[in-house]
There are 2 protein chains.
Amino acid sequence: MLKISVKVQFSSILVSYLSCYIGAIIPITALYKQMANSFNSISGAKRSLHLHVAREIARAILSGELAQGSIIPSEMVLCEQFGISRTALREAVKLLTSKGLLQSRPKIGTRVVEKINWNFLDPQLIEWMEGLTDINDFCNQFLGFRRAIEPEACALAAQNATVEQRKELSSVFQKMSELNSAPELDIEAWIDIDIQFHRIIFFSTGNDFYLPFGNILTTMFEHFIAYSSEEGGTCFNEHRLIYEAIMIGDSTKARETSREHLQSINHRIKE
Amino acid sequence: MLKISVKVQFSSILVSYLSCYIGAIIPITALYKQMANSFNSISGAKRSLHLHVAREIARAILSGELAQGSIIPSEMVLCEQFGISRTALREAVKLLTSKGLLQSRPKIGTRVVEKINWNFLDPQLIEWMEGLTDINDFCNQFLGFRRAIEPEACALAAQNATVEQRKELSSVFQKMSELNSAPELDIEAWIDIDIQFHRIIFFSTGNDFYLPFGNILTTMFEHFIAYSSEEGGTCFNEHRLIYEAIMIGDSTKARETSREHLQSINHRIKE
DNA sequence: CCTTTGATAAATCATACAAATAAAATCAAG
DNA sequence: CTTGATTTTATTTGTATGATTTATCAAAGG
């Protein structure tokens with residue numbers, strides 16, 4: 001713990017933010033250690049101190065409480081407020097710098113970068129948005145994005161998937177088929193296998209730029225998108241069409257079926 | 001500088017890597033400070049020590065010298081090899097962890113994550129690939145990726161661009177037109193304005209998920225893709241068609257013209 | 001087979017010093 | 001006295017280092 005005298009004047013923004021999310025009076029270290037276990041299970045994101053702090057700062061940025069272009073409080077001030085060492089804080093800042101949220105220079109301080117430069121395609125960043133945006137709008141934007149990516153990915157997969165990948169896709173589809181024919185839909189299992197289905201397609205494109213979308217899709221499904229049982233049922237046929245097109249290597253058909261699939265679905269929102 | 005005695009046995013992989021890229025004998029700190037100025041101008045990436053180290057480690061991973069799933073040498077060993085403090089090394093590792101390249105746990109060490117989880121859509125990561133991949137293949141993959149993203153982005157921009165964004169696009173197109181009608185094509189200026197043209201389109205989609213592609217495209221153009229003068233000429237008409245479609249809000253036409261543009265181009269490779 | 005214990009590597013803390021630079025203070029020329 | 005250039009100073013991030021804590025594997029012991 002730092003021993004310098006407390007400066008009374010500091011960013012009112014972050015203070016209000018802190019009191020909102022953590023409570024500014026109790027030293028965060030104690031509070032954190034107290035909560036560590038209960039939080040661990042929720043998202044697995046609080047294992048390390050710097051990650052916890054990074055998340056808090058990121059959410060302050062994403063929510064707009066720390067305005068774009070503004071200078072956040074200096075390292076010393078933040079260390080006090082979070083009750084952590086400079087090492088931990090700096091690692092948190094480095095993490096956010098890497099994602100395009102912050103940028104720091106000597107004497108100037110650490111600045112919140114313009115939204116234009118935020119790396120929205122980072123799964124961790126997407127996770128951190130939970131509860132900060134209008135989920136409905138967010139999911140619709142994501143859908144508008146999937147409509148660009150997935151049809152092309154399916155077309156490429158139909159063309160480039162290796163034998164092993166086709167086998168894997170086949171076995172996943174098999175499980176999908178079993179789940180679908182069961183008397184009652186096991187939603188948990190369906191979500192899991194649905195994610196796997198789409199992941200394999202991205203990995204089968206033979207194009208490195210499509211790889212990250214497997215994780216992005218997974219994050220979105222696990223944090224923002226919910227299923228209804230009817231939907232799972234109706235979706236199966238569409239998945240079958242995509243599957244068949246990829247397996248026979250018909251890229252045009254794969255693109256078409258995927259496009260139709262994405263036109264028909266309407267993401268259900270969590271909670 | 002660490003004062004512990006040098007352990008003779010360490011990862012031969014990283015050693016060979018080091019001797020290859022930096023030279024293992026001279027302390028890196030000195031060497032780095034010597035090179036700092038000359039490097040600064042090249043990419044601006046060497047300003048800080050941890051960033052420099054992060055880049056080196058990242059390139060060792062991207063090139064495959066540090067195998068996926070393998071454990072990299074411990075902090076102490078790496079500190080010695082790079083001649084830096086643990087602080088700097090840890091910040092470098094945090095940076096790479098944030099990009100999905102590394103993951104570290106107590107007692108285990110720091111592991112290279114599977115390629116599946118690498119964040120290929122991070123501009124910095126793309127920058128670091130310079131010289132490590134077959135550029136031709138890399139650019140073709142990128143083209144296969146643009147073919148998915150850009151037509152949709154153009155369609156969305158036609159639909160959602162604000163008045164200010166349309167004005168901005170218009171002014172950029174104006175400059176494009178001037179450059180095109182000049183007796184001799186100013187390639188530098190054309191690249192610059194071409195990048196701006198596409199950036200504005202991404203920013204005009206009204207969809208946050210498209211925002212990162214502005215920077216990705218910029219990075220690719222600046223580091224991997226070269227222009228020939230004839231190409232700039234033939235491209236102008238295609239840009240005009242896209243521009244007009246967006247300005248009149250015809251999303252279908254915007255999608256089509258963009259698609260045609262991407263079908264016709266054949267990325268020229270740098271050098 | 002299960003539990004305990006020890007060794008090890010990362011995680012965090014605390015402190016010191018270096019480097020960069022914005023802003024203030026100083027100096028020089030008109 | 002004013003103005004512009006220059007130097008100095010103060011502040012903030014950057015780097016280094018050693019101590020301490022925590023998590024986890026692995027081996028010893030019940």
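Just so it is clear, the structure is predicted and the values come from calculations on it, not from any experiment. Note: hydrogens, waters and symmetry copies are ignored here, and every other heavy atom, side chains too, is used.
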Say you draw a straight line from CD of A:Q124 to CG of B:N119; how long is it, rounded to the nearest 0.5 Å? 10.0 Å
Starting at atom CD of B:E75, determine the distance to atom C1' of D:dA16, rounded to an integer number of angstrom. 14 Å
Whole-Å gap separating C1' (C:dC13) and CZ (A:F82): 17 Å
Quick one: are the ring centres of A:F213 and A:F145 less than 6.0 Å apart? yes
Residues A:D122, B:K99: salt bridge by 4.0 Å N-O rule: no
Quick one: is C:dA11 close enough that its OP1 or OP2 comes under 4.0 Å of any side-chain N or O from A:T87? no
Using a cut-off of strictly less than 4.0 Å, decide whether B:H50 has a side-chain nitrogen or oxygen near OP1 or OP2 of D:dT15. yes
Using whole Å, report how far CD of A:E80 lies from C1' of C:dC13. 15 Å
Between C:dT21 atom C1' and A:I71 atom CD1, what is the distance in whole Å? 13 Å
How long is the span from the CD1 atom in A:I61 to the CH2 atom in A:W128, to the nearest 0.5 Å? 9.5 Å
Below the 4.0 Å mark, does C:dT8 have OP1 or OP2 next to a side-chain nitrogen or oxygen of B:S74? no
Find the distance A:E91:CD to D:dG14:C1' and express it as a whole number of Å. 14 Å
Could you state the atom-to-atom distance from CG of A:L51 to C1' of C:dA10 in whole Å? 15 Å
Upstream residue (5' side of DNA chain C) when B:P106 and A:L89 are each assigned their closest nucleotide: B:P106
Rounded to whole Å, the CG-C1' distance (B:L95 to D:dG14) equals 14 Å
Do any side-chain nitrogens or oxygens of A:R90 fall under 4.0 Å of OP1 or OP2 in D:dG14? yes
Picking from D:dT15, C:dA22, C:dC13, the nucleotide nearest the side-chain atoms of A:K107 would be C:dA22
Assess whether one donor atom and one acceptor atom, taken from the side chain of A:R86 and the base of D:dG14, lie less than 3.5 Å apart. yes
Here the pair of heavy atoms bringing B:V77 nearest to B:P73 is CG1-CB, 3.8 Å
Nearest-nucleotide 5' precedence on DNA chain C, B:G109 against A:I108: B:G109
Rounded to whole Å, how long is the line connecting atom CD of B:Q103 with atom P of D:dT24? 12 Å
Between C:dT12, C:dA22, C:dA10, which nucleotide has the shortest distance from any of its atoms to the side chain of A:R105? C:dA22
N or O in side chain of B:S85 less than 4.0 angstrom from D:dA16 OP1/OP2: yes
